[in-house]
Every structure is written in C-alpha cells, then in structure tokens.
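Per chain, numbering begins at 1; letters A, B, ... match sequence-line order.
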Amino acid sequence: MRLESVEDLPDLWKETYDLVAQVPEGKVTTYGEVAKALGDVVASRFVGLAMSRNDDIVRVPCRRVVQSDGMIGGYTGGGPEKKITLLRHEGIRIRGTRILDFDKVLFTDFISNRPLRDLKARQLALRKRLSLGMLATDIRQVAGIDVAYEDDHAFASLVLFDYSSGEEVGRFTSEGDAKFPYVPTYLAFREIPVIRSLMRRVPGGTIVMFDGNGILHPEGFGVTSQIGVVFGVPTIGVAKKLLCGEVGKVSSDGVANVRLKGKTVGHAVFRGLGAKPVYVSAGHGLSPSQALEVTLKFAKRRVPEPTRVAHLAAEDARRRAKSK
DNA sequence: GCGACAG
DNA sequence: ATCTTGTCGC
C-alpha cells in the first residue's frame with residue numbers, strides 16, 4: 001500500500017544536500033556518485049542543479065562535487081577559479097582545471113537509504129496493475145493535460161474535447177508547488193501531485209492524453225502509464241522527444257514503429273516529410289493500436305490537439321501569473 | 001569530439 | 001520545462 005503511494009515522496013533536494021554534507025575536507029566526489037547514492041545515476045544532472053541552488057555553503061560543501069573525469073566543473077558561487085582556490089585550500093591538488101590523484105581523493109562512501117531505488121520499486125509495484133486492454137467501453141471525450149513551470153511552481157491545465165466532433169467542450173486549470181524535481185524516468189513523481197486536483201474533473205468515458213511517454217519507457221511504465229494506473233483512467237502518452245527505443249521504417253501513412261528490447265512499444269508519428277515526429281504510446285486502459293488511432297484522429301498538426309491546447313492553456317496561466 | 005535522458 | 005527576436009517557410 002505504502003509502496004504504491006505516489007504521495008509521501010522523499011525530499012530529494014534535502015537528501016542531496018545531506019549527502020554532499022558527508023564529503024569531508026580533503027576529499028571530493030562527483031555528480032554521478034551523489035546521484036548513485038540517491039539511488040540512480042540518471043539523477044546526476046539534478047545533482048548539478050541542486051548544487052547550483054545550494055544556499056548553505058558552510059553545511060553543504062558543493063565545491064567538493066566535481067565531474068567524473070576529474071575535471072573541476074562549474075561553480076555558481078564565483079566560477080571555476082573560485083572552486084579551484086577553495087579546493088586547493090582544503091589540500092586538493094589541481095593542475096589547470098583537473099584534479100590530481102583523483103582516485104586518491106575521491107569520496108564515494110556515502111551513507112544513504114537510496115530514495116530513488118525505493119521510488120523505482122514503487123513504480124514497478126504500480127506497473128503490476130497496468131492493463132493494455134480496453135478499460136473504457138464508450139469513449140465520449142478526450143482530455144489533454146499539461147503542466148507549465150515557473151521555477152518549481154506548477155500551472156496545470158485540463159482541456160476536454162468531444163470525441164466525435166473534436167470540439168473543445170471545457171477547460172480547467174490549477175496551480176501548486178512541485179516538490180519533487182525533474183529526474184528522467186521519474187517524471188511521474190514530479191507531475192502526478194500537481195495534476196491530482198485536475199484529475200478529479202475528468203468525466204467518465206474520457207481518455208486522457210498526456211505530454212510524456214506511456215509504455216515507451218525503460219521500465220515500460222512512463223508518467224502517462226503511471227497516471228492511468230494511479231487514477232484508474234485510460235491514458236495515451238505523446239512525447240516530443242524520444243526517451244528510449246529505436247524508430248523503425250516510416251510507412252506511407254507517416255507512422256513508424258518504436259521498438260524497445262525487440263518489442264514495439266509505441267509509434268513515431270510524422271506529419272509531413274522531414275518533420276520531427278511525436279512519439280505516441282499506450283498509457284493504460286487501452287491497446288497500442290487504439291492509442292495510435294485516437295491520436296491520429298486528433299492530429300491536425302504535429303502535436304495532437306488535446307495536448308497542444310492544454311500546453312497553451314498551462315503556459316497562458318503561467319504567464320498571467322508572472323505578469324501579475 | 002560525439003552522444004546524451006520524457007517534462 | 002525555461003531562457004529568447006527576428007525570420008524562414010508552408
């Protein structure tokens with residue numbers, strides 16, 4: 001039960017700062033090592049972001065976090081020169097912008113409960129409830145949902161379309177703080193909390209289209225699948241960039257299979273020659289072919305209407321709040 | 001230097 | 001995702 005919850009999330013920012021606080025004077029570590037201590041190397045860029053936002057350089061020695069190749073890396077509090085000066089003062093030997101005896105001064109012995117490993121386990125637990133069979137019998141509406149950010153303040157919007165006419169029939173927005181950062185393949189933990197209130201407005205007989213992948217994901221369980229399972233609604237994932245997998249040969253209708261580990265897990269939809277595709281995959285509660293069919297029905301442009309309009313609405317809410 | 005990981 | 005002006009093209 002607790003395992004499957006998407007609430008009660010770890011404070012990844014705090015955990016990161018606590019880890020870096022463990023690096024002793026005279027030692028350095030790397031963004032990737034801190035990420036591994038968090039539970040997954042994919043978070044290494046987030047570690048860099050967290051260091052750049054560090055506001056307590058006494059407790060959290062972000063100067064001691066460097067690149068995995070021994071290069072010094074950047075330093076928000078005064079540039080690389082400042083970082084070099086500070087580290088030399090701590091006994092680290094540096095030539096140019098490279099650390100000498102890197103293996104001797106590298107600290108990796110973190111004490112950590114690896115929060116991302118737990119989140120991955122929650123993801124896998126939720127995945128057991130994934131179904132790619134027909135969940136909704138009669139589809140009356142398609143909803144597009146998207147989130148825009150002003151730093152970590154989120155503006156989410158839901159736009160409803162009538163399935164047969166394709167006309168917009170309603171829209172809602174909400175806002176709140178995103179407490180969890182963006183980490184590739186953990187997107188659901190960032191976005192599910194901020195769309196929760198909107199999901200209550202999704203009528204029965206609605207397919208939800210979301211900006212992000214469904215089963216086109218390293219674990220076969222992207223943000224859109226997780227949303228589908230958590231809220232018990234059929235979902236379709238539409239991503240603008242490829243997260244993983246390989247795109248096959250484009251057929252005459254402008255559609256190509258996307259394969260992962262030998263299986264077709266989604267489709268690249270090209271609108272026009274030489275154009276960038278969008279990557280469509282089933283989220284939950286419907287079949288891959290049904291996901292493609294519904295998407296094509298709303299694909300007047302590159303990005304299908306529900307997701308495209310929801311994006312505009314969320315962006316609109318963000319800009320209105322900003323200028324206020 | 002290239003490739004690179006949704007939003 | 002966000003930071004950003006004008007500009008090229010269907």
Side-chain angles (χ1 to χ4, degrees), chain A residues 6 12 31-32 35-36 38-49 52-53 67-69 71 116 119-120 123 144-157 175-195 208-228 235-247 258 260 265-283 291 295 300-304 307-308 310-319 321-323:
Chain A
V6 291
L12 216 61
Y31 301 98
K36 279 192 265 180
L38 284 171
D40 198 330
V41 269
V42 296
S44 51
R45 285 179 303 181
F46 158 67
V47 173
L49 175 67
S52 76
R53 292 192 190 173
Q67 295 177 189
S68 60
D69 57 3
M71 297 301 281
L116 289 178
L119 291 187
K120 184 66 74 182
Q123 229 171 38
I145 293 184
D146 195 33
V147 185
Y149 292 93
E150 183 67 36
D151 290 322
D152 284 324
H153 194 65
F155 298 85
S157 77
E175 62 179 286
D177 286 316
K179 288 159 190 154
F180 197 85
Y182 170 68
V183 177
T185 77
Y186 296 82
L187 179 58
F189 298 105
R190 177 171 176 77
E191 306 223 312
I192 285 182
V194 305
I195 66 167
V208 171
M209 198 175 277
F210 197 78
D211 211 335
N213 294 300
I215 61 173
L216 174 41
H217 179 274
E219 268 71 52
F221 198 65
V223 59
T224 305
S225 294
Q226 200 163 325
I227 288 169
T235 56
I236 298 171
V238 181
K240 293 178 287 296
K241 287 192 282 191
L242 195 60
L243 172 63
C244 56
E246 302 144 21
V247 180
V258 178
L260 190 62
V265 294
H267 300 277
V269 176
F270 295 81
R271 313 263 8 180
L273 266 101
K276 280 188 190 176
V278 290
Y279 304 93
V280 179
S281 59
T295 303
K300 295 200 292 200
R301 331 210 185 173
R302 178 169 105 100
V303 177
T307 266
R308 191 182 72 83
H311 178 78
L312 293 174
E315 184 62 13
D316 213 53
R318 181 180 79 87
R319 285 219 284 264
K322 194 177 179 179
S323 65

query = Is A:Lys241 positioned over the aromatic face of A:Tyr279, cation under 6.0 angstrom from the ring centre and no more than 45 degrees off axis?
reply =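 Relative to the ring axis of A:Tyr279, which defines the angle, A:Lys241 lies outside at least one limit.
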When you measure from the side chain of [X], which nucleotide among [options] comes out closest?
X        : options             : result
A:Lys240 : C:dT2, B:dG7, B:dA6 : B:dG7
A:Val223 : B:dA6, B:dG7, C:dT2 : B:dA6
A:Arg318 : C:dC3, B:dG7, B:dA6 : C:dC3

query = Where is the tightest heavy-atom contact between A:Gly283 and A:Ile215, given as atom of each residue plus distance?
reply =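 Of all heavy-atom pairs spanning A:Gly283 and A:Ile215, the closest is O-CG2, 4.1 Å.
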Under 4.0 angstrom, heavy atoms only, what part of the nucleic acid is [X] near: base, sugar-phosphate, or nothing?
X        : answer
A:Phe210 : nothing
A:Asp146 : sugar-phosphate
A:Asn213 : base
A:Thr224 : nothing

message = With the six-membered base ring of C:dA1 as reference, does the ring of A:Tyr182 sit under 5.5 Å away with planes under 30° apart?
response =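 A:Tyr182 ring does not meet the centre or angle cut-off for C:dA1; no stack.
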query = Distance from A:His217 atom NE2 to A:Gln123 atom CD, nearest 0.5 Å?
reply =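 The CD atom of A:Gln123 is 4.5 Å from NE2 of A:His217, to the nearest 0.5 Å.
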To the nearest Å, how far apart are [X] [atom1] and [N] [atom2]?
X        : N     : atom1 : atom2 : answer
A:Phe180 : B:dG7 : CZ    : P     : 17 Å
A:Glu191 : C:dT2 : CD    : P     : 10 Å
A:Arg308 : B:dG7 : CZ    : P     : 16 Å
A:Glu246 : B:dG3 : CD    : P     : 16 Å
A:Leu187 : B:dG7 : CG    : C1'   : 5 Å
A:Ile236 : B:dA6 : CD1   : P     : 21 Å
A:His267 : B:dA6 : NE2   : P     : 21 Å
A:Asp69  : B:dG1 : CG    : P     : 14 Å

key: CD/A:Glu246: more than 12 non-hydrogen atoms of other groups inside 6.0 Å   =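 Count not over threshold, so no.
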ask   = Is there a donor-acceptor pair under 3.5 Å between the side chain of A:Thr224 and the backbone N or O of A:Gly212?
value =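 A pair under 3.5 Å: yes.
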inquiry  = Is the phosphate of B:dA4 approached by A:Lys241 (side-chain N or O, under 4.0 Å from OP1 or OP2)?
reply    =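 For A:Lys241, the contact criterion (side-chain N or O under 4.0 Å from OP1 or OP2 of B:dA4) is not met.
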